[in-house]
Amino acid sequence: MPAASPLVLALGDPAGIGPDVVLATFLRRRAEAVPAFIVAGDPAALAARARLLNLDIPLVETTPEGAVAHFADALPVFAAGPTFTGRAGRPGASSAACVEASLEAALGLVTTGRAAALVTNPLAKSVMYEAGFPFPGHTEWLADRAAAPGRPAPHPVMMIWSEQLAVVPATIHVPYADVPALLSIDLLVETGRIVARDMARRFGIARPRLAFCGLNPHAGEEGTLGGEDEAIVRPAVEALKREGVLATGPLPADTMFHPEARARYDVAVGMYHDQVLIPAKTLAFHDGVNVTLGLPFIRTSPDHGTAFDIAGTGRANPSSLMAALRLARRLADAEAAARPAPAPAMARA
């Protein structure tokens, strides 16, 4: 990967705050040390939002190969998809088509090596579902597209990362009532393997420490407050230990997130979404980054939604997007540095 390859940023739903935070991030690129990126999506949607916000930001349609040179003076855009016909805060019929076209273009750039990593702005699941989008969200769509021909899709793992705390929910966007039936030893072992591998490969932690939350209060109190922790979580942790993973648990979730406890692990693995996302967002609401582990390319995302209610008002906070871009660059550079150097060419006789 050439050092000058930019990040590619999928625009997300153009009716949401995606365009707002893109423009705000570009304005702060020097002060906040934002790495060079190119936006994949509708240039007209960005230009219209800049006018609405009264921002004088030059846009330039270009390719990834030209993006870094333009980044100092203009926001690089890789034109993709149909023209957005909705308005800020009001997703129209074209929203879903714009989202999917932006994603397809951005994914193509990163999988062909023309971009260093993929960053995705938020989409609105309800808007996508109405248009027939068959996946729960970005993550599942990306995993499906990452599948090799004739092979199953990779198992994607969602991690919310910040300097203060990194967490992984073993089950994600499912009703709480369904969680116990979805948990299994195999699920937790596979999740732990992926977390340990990618934390070593991309985050540079040679032997990452994984702390597994218990499902039940007090991690089940040895089975008296529910049997899942002894029947599922503990055997999974023991299996990971036998594979050489530094795993502990099940641990009572209510004592895992104070400073002294956080110093004892690198990633907390929870059994359900809110168990670990509540502490993560409490500690780093504006700076958290959604990282997808388990994919053959780097993908990060700001840890917020489309916020249609404030789109186009100038109130959107770009901190999470800036953090997502900085982390994507860091992970891409670390992965590139870890790659074996090409063998020297054989001298001719």
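Quick caveat, the model's predicted, so the values are computed rather than measured.
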Q. Is it true that Val245 and Val168 fall in one hydrophobic cluster, defined by side-chain heavy atoms closer than 4.5 Å?
A. yes
Q) Around Asp309, counting heavy atoms of other residues, nucleotides and ligands shown, do more than 12 lie under 6.0 Å from its CG? A) yes
Q) In Å, rounded to the nearest 0.5 Å, how long is the span from SG of Cys98 to CG of Asp42? A) 5.5 Å
**Q.** Minimum heavy-atom distance Arg264-Glu260, with the two atoms named
**A.** NH1-O, 3.5 Å
**Q.** side-chain contact (heavy atoms from CB on, under 4.5 Å) assessment of Leu118 paired with Thr120
**A.** CA-CA 7 Å; Leu118 170 64; Thr120 58; 3.9 Å; yes
Q) NE2/His155 to CZ/Arg193 distance, rounded to the nearest 0.5 angstrom? A) 11.0 Å
(Q) Tell me if a side-chain donor or acceptor on Gln275 pairs with a main-chain N or O of Met271 at a distance below 3.5 Å. (A) yes
Q) Taking C-beta and beyond as the side chain, do Thr292 and Met159 meet within less than 4.5 Å on heavy atoms? A) no
Q) Where do Leu75 and Val60 land on the side-chain contact (heavy atoms from CB on, under 4.5 Å) test, with the steps shown first? A) CA-CA 6 Å; Leu75 176 59; Val60 57; over 6 Å; no
Q) Does the Arg28 side chain pair with the main chain of Val34, one donor and one acceptor, at a distance under 3.5 Å? A) no
Q) Just by modelled atom types, is the Gly18 backbone N or O under 3.5 Å from a matching donor or acceptor in the Arg49 side chain? A) no
Q.
Any heavy-atom pair between the side chains of His173 and Lys125 that's under 4.5 Å?
A. yes
Q) Which atom pair, heavy atoms only, marks the closest approach of Leu225 to Pro217? A) CD1-O, 3.5 Å
Q: For residues Val267 and Pro208, determine if any side-chain heavy atom of one lies less than 4.5 Å from a side-chain heavy atom of the other.
A: no
(Q) One pair to check against side-chain contact (heavy atoms from CB on, under 4.5 Å): Cys213 and Val276. What are the steps and the verdict? (A) CA-CA 9 Å; Cys213 303; Val276 286; 4.0 Å; yes
Q. Above 12 or not: heavy atoms from other molecules or residues under 6.0 Å from CZ of Arg197?
A. yes
Q. Does a side-chain heavy-atom distance below 4.5 Å link Phe78 with Val39?
A. no
Q) Just by distance, with hydrogens left out, do Ser319 and Asn317 show a side-chain donor and acceptor under 3.5 Å apart? A) yes
Q: Supply the atom-to-atom distance Ile310 CD1 to Asp20 CG, rounded to the nearest 0.5 angstrom.
A: 7.5 Å
Q | Minimum heavy-atom distance between Val8 and Ala106, given as atom pair plus value | A | CG1-O, 3.6 Å
Q: Compare all side-chain heavy atoms of Asn216 with those of Glu228 and state whether any distance is below 4.5 angstrom.
A: yes
Q.
Please check this pair: side chain of Ser102 against backbone of Ala40, looking for a donor-acceptor N/O pair closer than 3.5 Å.
A. yes
Q) Do you know the tightest heavy-atom contact between Ala307 and Ile17? A) O-CG2, 3.4 Å
Q. CD of Glu238 to CD of Glu243: how many Å apart, nearest 0.5 Å?
A. 12.0 Å
Q.
Under a 3.5 Å distance rule, please check whether Arg29 uses its side chain to pair with a backbone N or O of Phe71 as donor and acceptor.
A. yes
**Q.** Aromatic centroids of Phe37 and Phe26 separated by under 6.0 Å
**A.** no
Q. Out of curiosity, does Val269 fall in the hydrophobic cluster containing Ile205 (side-chain heavy atoms, cut-off under 4.5 Å, transitive links)?
A. yes
Q) Ignoring hydrogens and geometry, is there a side-chain-to-backbone donor-acceptor pair from Ser95 to Asp13 under 3.5 Å? A) no
Q) Are Val237 and Arg234 close enough that some pair of their side-chain heavy atoms sits under 4.5 Å apart? A) no
Q) Any donor and acceptor pair, going by atom type alone, linking the side chain of Asp287 with main-chain N or O of Ser320 inside 3.5 Å? A) no
Q: Count the heavy atoms belonging to other residues, nucleotides or ligands that lie under 6.0 Å from CD of Glu222, then report whether that count exceeds 12.
A: no
Q. Would you say the side-chain atoms of Arg299 and Thr139 include a donor-acceptor pair closer than 3.5 Å?
A. yes
Q.
Pairing donors with acceptors under 3.5 angstrom, does anything connect the side chains of Asn290 and Asp303?
A. no
Q. When you measure from the side chain of Thr300 to the backbone N and O of Ala324, does any donor-acceptor pair fall under 3.5 Å?
A. yes
Q.
Let me check something: do Tyr272 and Leu182 share a hydrophobic cluster, defined by ILVMFWY side-chain heavy atoms less than 4.5 Å apart, either directly or through other members?
A. yes
Q) What are the two closest heavy atoms between Ala231 and Ile185, and how far apart are they? A) O-CD1, 3.7 Å
Q. OH of Tyr265 to CZ of Phe257: how many Å apart, nearest 0.5 Å?
A. 4.5 Å
Q: Would you indicate whether the side-chain heavy atoms of Glu100 and Trp141 approach each other to under 4.5 Å?
A: yes
Q | Nearest heavy-atom neighbours spanning Pro154 and Pro156 | A | O-CD, 3.1 Å
Q.
With rounding to the nearest 0.5 angstrom, report the CG to CG distance, Leu331 to Leu7.
A. 10.0 Å
**Q.** In one Ile/Leu/Val/Met/Phe/Trp/Tyr side-chain cluster, 4.5 Å: Leu27, Ile38
**A.** no
**Q.** Joint hydrophobic cluster, Ile160 plus Phe285, side-chain heavy atoms closer than 4.5 Å
**A.** no
Q. Do the non-hydrogen side-chain atoms of Leu325 and Leu327 ever get within less than 4.5 Å of each other?
A. no
Q. Above 12 or not: heavy atoms from other molecules or residues under 6.0 Å from CZ of Arg87?
A. no
Q. Under 3.5 Å, is there a donor-acceptor pair between the side chain of Ser5 and the main chain of Ala115?
A. no
Q) Is the side chain of Arg51 donor-acceptor paired with the backbone N or O of Asp56 at a distance under 3.5 Å, no angle test? A) no
Q: Tell me, yes or no, whether the heavy-atom count around Tyr129 atom OH, taken from other residues, nucleotides or ligands under 6.0 Å, exceeds 12.
A: yes
(Q) Determine whether Leu251 and Thr248 satisfy the following criterion, side-chain contact (heavy atoms from CB on, under 4.5 Å), listing intermediate values before the conclusion. (A) CA-CA 8 Å; Leu251 302 172; Thr248 56; 3.9 Å; yes
